[in-house]
*Asks:* 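Quick one: this structure, given as structure tokens, is what I'll be asking you about.
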Amino acid sequence: MEHQHKYDASGKQLCCKLENKINKKAKEFSNEGGNDQVHKKENVFKMFIPAIIGFIMLLIAIVLDNFFPQSWFTGWIRIIWYGIAYIPVGFPVIKEAFESIRKGDIFSEFLLMAIATLGAFAIGEYPEGVAVMLFYAVGEIFQALAVKRAKFNIKNLLDQRPDEVTVLVNNVTKTIKAENANIGDIIQLKPGEKLGLDGELLSDYASFNTAALTGESKPDTKSKGETVLAGMINLTTVSQVKATTSYTDSKLSKILELVQNATAQKAPTELFIRKFAKIYTPIVVLLAFLICVGPMLFVTNYVFSDWLYKALVFLVISCPCALVISIPLGYFGGIGAASKNGILFKGSNFLDVMATIQNVVMDKTGTMTEGVFKVQEVVFKPKFNKNEVLQMVNAVENQSTHPVATAIHQYVGKIDTSIILQNVEEIAGQGLKATVNGNELLIGNFKMMDRFSIAYDIDPTSIVYTLIAIAYNQEFVGYLTIADSIKEDSQIAIDRLKSLGVKTTMLSGDKTTVVQFVAKSLGIANAFGDLLPEGKVNKVKEIIAKNETVAFIGDGVNDAPVVALSNVGIAMGGLGSDATIETADVVIQDDKPSKIAMAINIGKQTKKIVWQNIGLAFTVKAIVLILGAGGLATMWEAVFADVGVALLAILNAVRIQKMKF
């Protein structure tokens with residue numbers, strides 16, 4: 001199965017002018033007034049002013065025409081009155097039509113509305129001409145507001161990065177732009193302030209709100225030496241952080257770049273509708289022309305104005321606004337809803353793919369387990385002094401950055417500096433070798449024991465946990481058991497995936513007995529251990545060979561081959577490696593495996609809403625188009641088929657932002 005990650009760059013050229021205009025309006029609206037709610041309400045009111053003017057003048061004209069006829073409200077005065085009512089709502093659309101023509105997009109939605117309403121004026125149907133453009137303008141404003149709402153969660157994320165930081169220079173505080181801060185600068189954070197750059201905590205401890213990165217507002221307490229990230233909010237006392245990355249290379253900056261580019265990658269449905277609209281619109285214009293002039297060839301009592309009116313109605317009905325707006329809006333809503341829950345999609349195309357996932361293949365360590373090893377058991381032969389051996393092991397492991405070394409150091413404690421180490425050597429995939437106090441010390445797996453012909457009297461396969469074997473002076477000392485704890489919500493994740501009918505498989509380079517133990521505890525259907533990266537690739541290929549879609553969840557760059565092979569690569573760890581964010585298609589920021597099922601569900605609901613809108617638009621338009629072609633529909637039915645259906649589709653699309661997943 002061809003990998004679906006790659007985005008067709010030609011899709012970027014399929015630009016819908018109407019969508020771009022509405023997005024621009026929504027952006028301008030959301031940027032004005034800052035966080036001041038009063039200013040935002042004023043901005044909304046300003047957007048409606050042209051429509052309000054047009055509506056009041058139209059209402060007065062209708063009253064004068066039908067309820068209180070006036071001798072003065074006739075002729076040119078009547079025409080000018082309706083013209084003034086038309087200008088506030090019609091001029092921007094006509095201007096956009098000319099702009100589109102100038103840029104080569106002749107058959108735009110703006111041109112359709114301009115022809116239809118000006119044509120209505122040409123045949124004396126002034127009220128309908130104004131009404132159609134008025135409702136169109138109001139619908140466009142609601143569309144802009146809906147897009148703004150859909151992007152609200154993403155905009156909140158974009159606002160999490162502060163522009164300024166306070167740095168300590170010779171024990172004197174100085175406020176500078178965050179982009180001008182350098183690696184190594186000491187940043188001072190007051191309670192309530194956001195961190196501008198990634199760094200290392202210098203204070204003894206501090207509590208942070210990590211919602212900007214994880215979607216979780218639960219405080220996270222950090223200790224001295226631990227990593228803290230841009231966007232985190234200091235909750236306690238004044239803290240100091242040493243910057244370890246530049247402003248543009250921070251974790252949050254990478255996430256923001258990911259989110260800002262998310263809507264550039266369009267879903268196949270979205271690309272199809274855009275292509276469809278480019279073909280559909282000129283065909284409709286041609287049909288409208290034929291409806292207007294064709295009947296003169298076979299209708300004996302042909303009246304041009306009557307058939308022109310039918311053609312204009314047909315044009316209004318045919319405007320594809322409901323499709324080209326509500327469908328992108330549905331995907332905006334899906335990406336926004338995911339962002340709100342700490343899930344970042346790199347494109348709306350991945351929402352579609354996630355909706356079809358049949359298999360979830362997952363790594364073990366750091367994905368379903370905490371990725372933090374702890375010593376569980378120490379089993380040494382009686383002749384060896386336990387404390388002395390552990391001190392030697394701790395001294396050697398101090399030379400390594402492996403998680404096992406960290407676990408041993410945490411268990412044993414302070415390093416004994418009196419121990420003399422020589423010739424420390426790491427043997428890839430097996431362990432460490434060193435000379436300690438003049439004797440050879442081996443620390444590693446049992447493959448290492450076999451390599452150096454160390455005899456041992458236990459069966460490694462009979463022990464579930466990861467084993468660290470130790471030999472001293474060519475004699476087997478015993479072993480340590482190392483275990484990783486299962487994440488709190490891993491069981492919830494598997495249960496939810498099963499409820500969605502998704503198959504689960506665990507692949508790991510860890511010991512098979514450990515992998516099987518974790519899989520059995522969680523109820524994972526298939527589990528395989530002792531796998532190298534190529535082994536994982538082969539297992540995923542076996543699933544893909546069955547023509548089933550696969551999502552792979554990992555936490556490191558070592559899983560890159562499997563991520564590239566799968567239909568969707570999911571990174572467990574917005575707080576993990578930068579490489580993970582770069583290579584994955586979806587990033588779960590808070591490392592919770594339960595978010596896997598949530599991401600699938602968001603994809604399913606987004607796709608469902610998009611197809612509901614497509615069905616609604618096509619059904620209503622088809623019915624009213626047929627009625628319009630037969631002369632059974634007026635401009636008022638046309639308005640419903642266009643603006644009314646668009647608004648219904650928009651209301652349906654924004655539902656996803658209020659859903660609980």
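Sequence positions, counted from 1, serve as the residue numbers for this chain.
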*Asks:* Report, as yes or no, whether the 6.0 Å neighbourhood of atom CZ on F48 holds more than 12 heavy atoms from other residues, nucleotides or ligands.
*Replies:* yes

*Asks:* Do the side chain of N567 and the main chain of A551 share a donor and acceptor less than 3.5 angstrom apart?
*Replies:* no

*Asks:* Can you see whether Y331 engages D352 through a side-chain donor-acceptor pair at a distance of less than 3.5 angstrom?
*Replies:* yes

*Asks:* Closest heavy-atom contact between C292 and A311?
*Replies:* CB-CB, 3.8 Å

*Asks:* Does any non-hydrogen side-chain atom of T549 lie less than 4.5 Å from one of V353?
*Replies:* no

*Asks:* Once side chain to side chain donor-acceptor pair (under 3.5 Å) is applied, what residue pairs with a partner in residues 288-301 remain, sequence neighbours excluded?
*Replies:* none

*Asks:* Has N341 got a side-chain atom pairing as donor or acceptor with A337's backbone, closer than 3.5 angstrom?
*Replies:* yes

*Asks:* Which value, rounded to the nearest 0.5 Å, describes the distance between I49 atom CD1 and M47 atom CE?
*Replies:* 11.5 Å

*Asks:* Using modelled atom types only, decide if a donor and an acceptor are shared between the side chain of K604 and the backbone of A355 within a distance under 3.5 Å.
*Replies:* yes

*Asks:* Rounded to the nearest 0.5 Å, what separation is found between the CE atom of M57 and the CG atom of L134?
*Replies:* 12.0 Å

*Asks:* Write out all pairs satisfying salt bridge (charged side-chain N to carboxylate O under 4.0 Å, His left out) with one or both partners inside residues 60-70, taking only residues at least two apart or from two chains.
*Replies:* D65-R78

*Asks:* Once side chain to side chain contact (heavy atoms under 4.5 Å, CB included) is applied, do any residues pair with T175, and if so which ones, sequence neighbours excluded?
*Replies:* E164, T166

*Asks:* Identify the heavy atoms of Y82 and P127 that sit nearest to each other, and give their distance.
*Replies:* OH-CG, 3.4 Å

*Asks:* Which pair of non-hydrogen atoms, one from P88 and one from I84, has the smallest distance, and what is that distance?
*Replies:* CD-O, 2.9 Å

*Asks:* Answer yes or no: is there a side-chain heavy-atom contact under 4.5 Å between V130 and W81?
*Replies:* no

*Asks:* Counting only heavy atoms not in W76 (residues, nucleotides, ligands), do more than 12 fall under 6.0 Å from its CH2?
*Replies:* no

*Asks:* Keeping N601 on the side-chain end and A597 on the backbone end, is there a donor-acceptor pair under 3.5 Å?
*Replies:* no

*Asks:* Answer yes or no: is there a side-chain heavy-atom contact under 4.5 Å between V165 and I176?
*Replies:* yes

*Asks:* Starting at CD1 of I53, measure out to CD1 of I87 and round the result to the nearest 0.5 Å.
*Replies:* 11.0 Å

*Asks:* Do K607 and T356 make a side-chain contact, defined as non-hydrogen atoms from C-beta onward lying under 4.5 Å apart?
*Replies:* yes

*Asks:* Got a second to check how far I94's CD1 is from M133's CE, nearest 0.5 Å?
*Replies:* 5.5 Å

*Asks:* Apply the side-chain contact (heavy atoms from CB on, under 4.5 Å) test between F314 and each candidate in L290, V624, L287; give the one that qualifies.
*Replies:* L287

*Asks:* What residues form a side chain to side chain contact (heavy atoms under 4.5 Å, CB included) with Q612, not counting sequence neighbours?
*Replies:* K608, I609, N652, R655

*Asks:* Counting C-beta onward and ignoring hydrogens, is there a side-chain heavy-atom pair between I600 and L497 closer than 4.5 Å?
*Replies:* yes

*Asks:* So, taking the atom named CD1 in I357 and the one named CD1 in I570, what distance separates them when rounded to the nearest 0.5 Å?
*Replies:* 7.0 Å

*Asks:* Please enumerate all residues that pass ring pair (Phe, Tyr, Trp, His ring centres under 6.0 Å) together with F304, with sequence neighbours excluded.
*Replies:* none

*Asks:* According to the side chain to side chain donor-acceptor pair (under 3.5 Å) rule, which pairs have a member within residues 114-127, sequence neighbours left out?
*Replies:* Y86-T117

*Asks:* Rounded to the nearest 0.5 Å, how far does CH2 of W611 lie from CG of N613?
*Replies:* 11.5 Å

*Asks:* Looking at every non-hydrogen atom in both residues, tell me the closest pair between A599 and F345 and how far apart they are.
*Replies:* O-CZ, 3.9 Å

*Asks:* So with a 6.0 Å cut-off around CZ of F289, is the heavy-atom count from everything else above 12?
*Replies:* no

*Asks:* State which residue, out of I596, V587, V586, fulfils the side-chain contact (heavy atoms from CB on, under 4.5 Å) condition with I343.
*Replies:* V586

